[in-house]
Amino acid sequence: MYLKSARALAALFLCVFALGSQAQNTAPKLPNVVILATGGTIAGTGATSTTTVGYTAATVGVDALIKAVPELQKVAHVSGEQTMQIASENMGDAQWLLLAKRVNTLLARADVDGVVITHGTDTIEETAYFLDLVVKSKKPVVVVGAMRPSTAMSADGPINLYNAVITAGSQEAVGKGVLVVMNDQINAAREVTKTNTTTLDTFKTPELGMLGYVIGGQPHFYRASTRKNTVDTEFDVTNLNALPRVDIAYTYANVDPTAVNAFVAAGAKGIVHAGVGDGSLPIKVRPALSAAHDKGIVIVRSSRVGQGIVARNGEANDDQLDFVVADTLNPQKARILLMLALTKTSNTKEIQRMFYTY
Ligand code: DAS
């Protein structure tokens, strides 16, 4: 009698164990996502819950950022590293190289599925594009920030971080290039830009459009960039410890060549001219740019307008001047591509090819 009930009990136990382990086997395997924290508003703190301007950026550490969003544990195995702690107006070449090398090291590991970078919003579009050109993996890299500090009422940091981690751990984001995920939207690094100084919806790709959304804990893509990025670029930072100096000369009514001449004197290897309209060159500035060119400085014509193509041989005879046009890159992004191009060549025909490729 006892033997029978013991056997029944043992059979029941084995059944429950089998179901339990089967359930465990069928539970979705969570992706491993590493968060590299660099500072910014997402890590900012203000005096009160209504302080949304006049707060201090870059004060909250990565562990606190992760702890503030316990829901992260349900969507990924998350680990954090404090790569730096700065407001992103202070981001520079050294920080970019440090970040890019760390991202590449992490993504080369089989146990890392994606990387999220928390970052100040002021230069998120620059860091994202720099990484878009030098990350050597198809695994997702998502740059995320916030427009309200962590202490603010309805802070956007936690949900932005949650959406960024989901996207970085998703299969859908593989091979899409570096992404900026904020305000429930997914934008490509090449075109995204900050369009408003303070509002939550500031990051946009004004004309070419965002890539998709993160809604209900799921990324939804509707388009992809047509330009080469990440593993398909010719740029590699592995052995780089510095980047060539490239400056931006902003144009406006009554401008004169003071800035251009100062950049030449400072040793610029490239100058991006942020022209008016379709990259127009004022007659007072053109000779200074030509003189700079004759000293071996590569000149790229971009536009302060921000959207649209700067057409070759349109507002200037680029063939005759031996200048490069930025295509649709705004001045701050044209500067990044020119910096990396100059690590490979100073041949303007080769550099023009790069501006039509990336
Ligand atoms: N100063 C801004 C920066 O760090 C704060 C922010 O918006 O993230 O970019």
Side-chain angles (χ1 to χ4, degrees), residues 35-66 68-69 80-100 102-103 115-132 141-165 167-168 178-187 189-206 210 214 248 306 330-333 335-336:
I35 297 176
L36 300 182
T38 73
T41 293
I42 194 169
T45 46
T48 71
S49 64
T50 55
T51 307
T52 53
V53 288
Y55 54 82
T56 308
T59 57
V60 178
V62 64
D63 293 339
L65 291 177
I66 294 171
V69 190
E81 297 181 6
Q82 194 75 47
T83 313
M84 59 195 82
Q85 183 70 293
I86 61 172
S88 78
E89 61 267 29
N90 302 317
M91 196 58 78
D93 302 358
Q95 288 81 7
W96 280 350
L97 289 168
L98 173 68
L99 204 46
R102 186 59 187 152
V103 168
V115 166
V116 166
I117 297 164
T118 59
H119 193 290
T121 60
D122 289 357
T123 58
I124 228 175
E125 65 192 79
E126 296 181 50
T127 300
Y129 187 47
F130 178 76
L131 294 172
D132 199 44
V141 174
V142 177
V143 192
V144 63
M147 293 304 288
R148 293 177 182 156
S150 65
T151 45
M153 187 192 321
S154 308
D156 55 327
I159 186 67
N160 285 349
L161 182 59
Y162 178 70
N163 285 343
V165 167
T167 306
V178 173
L179 304 170
V180 173
V181 171
M182 281 181 67
N183 196 41
D184 300 342
Q185 298 178 3
I186 306 171
N187 279 284
R190 183 182 185 277
E191 286 93 16
V192 70
T193 190
K194 191 172 187 180
T195 63
N196 185 290
T197 54
T198 57
T199 56
L200 300 186
D201 65 345
T202 180
F203 282 99
K204 290 187 169 62
T205 302
M210 70 179 88
V214 189
I248 301 172
N330 66 27
Q332 54 270 31
K333 295 195 182 186
R335 171 177 174 269
I336 292 165

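Remember, it's 1-based here, ligands and their atoms both numbered in the order they're listed.
For the residue pair Asn187 / Thr205, a side-chain donor-acceptor distance below 3.5 Å is found, with atom types taken as modelled. When only modelled atom types and interatomic distance are considered, Thr59 and Thr56 share no side-chain donor-acceptor pair under 3.5 Å. With 3.5 Å as the limit, one finds a donor-acceptor pair spanning the side chains of His119 and Thr127.
Atom 1 (N) of ligand 1 has as its closest protein heavy atom Glu89 OE1, 2.8 Å. In terms of protein heavy-atom proximity, atom 2 (C) of ligand 1 is nearest to Asp122 OD2, 3.3 Å. Here the protein heavy atom with the shortest distance to atom 4 (O) of ligand 1 is Ser88 N, 2.7 Å.
Considering both main-chain and side-chain atoms, Thr121 comes within under 3.5 Å of ligand 1 through a nitrogen or oxygen pair. For a threshold of 3.5 Å applied to N or O pairs, the pair formed by Thr123 and ligand 1 contains no separation below that value. At under 3.5 Å, a nitrogen or oxygen of Thr41, whether backbone or side chain, sits near a nitrogen or oxygen of ligand 1.
Below 4.0 Å from some heavy atom of Gly120 lie the following atoms of ligand 1, by number and element: 3 (C), 4 (O), 8 (O), 9 (O). Near Gly40, meaning under 4.0 Å from any of its heavy atoms, are these atoms of ligand 1: 4 (O), 8 (O).
The list of salt bridge (Lys or Arg N to Asp or Glu O under 4.0 Å) pairs with a residue in residues 195-204, not counting sequence neighbours, reads Asp201-Lys204.
Minimum interatomic distance between Val181 and Val144 (heavy atoms only, all atoms of both residues): O-CG2, 3.3 Å.
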Discussion item. Could you walk me through whether Lys333 and Glu126 satisfy the salt bridge (charged side-chain N to carboxylate O under 4.0 Å, His left out) test, starting with their C-alpha distance in whole Å, then the side-chain angles of each, then the deciding distance to 0.1 Å, before giving a yes or no?
Written reply: CA-CA 6 Å; Lys333 295 195 182 186; Glu126 296 181 50; over 6 Å; no
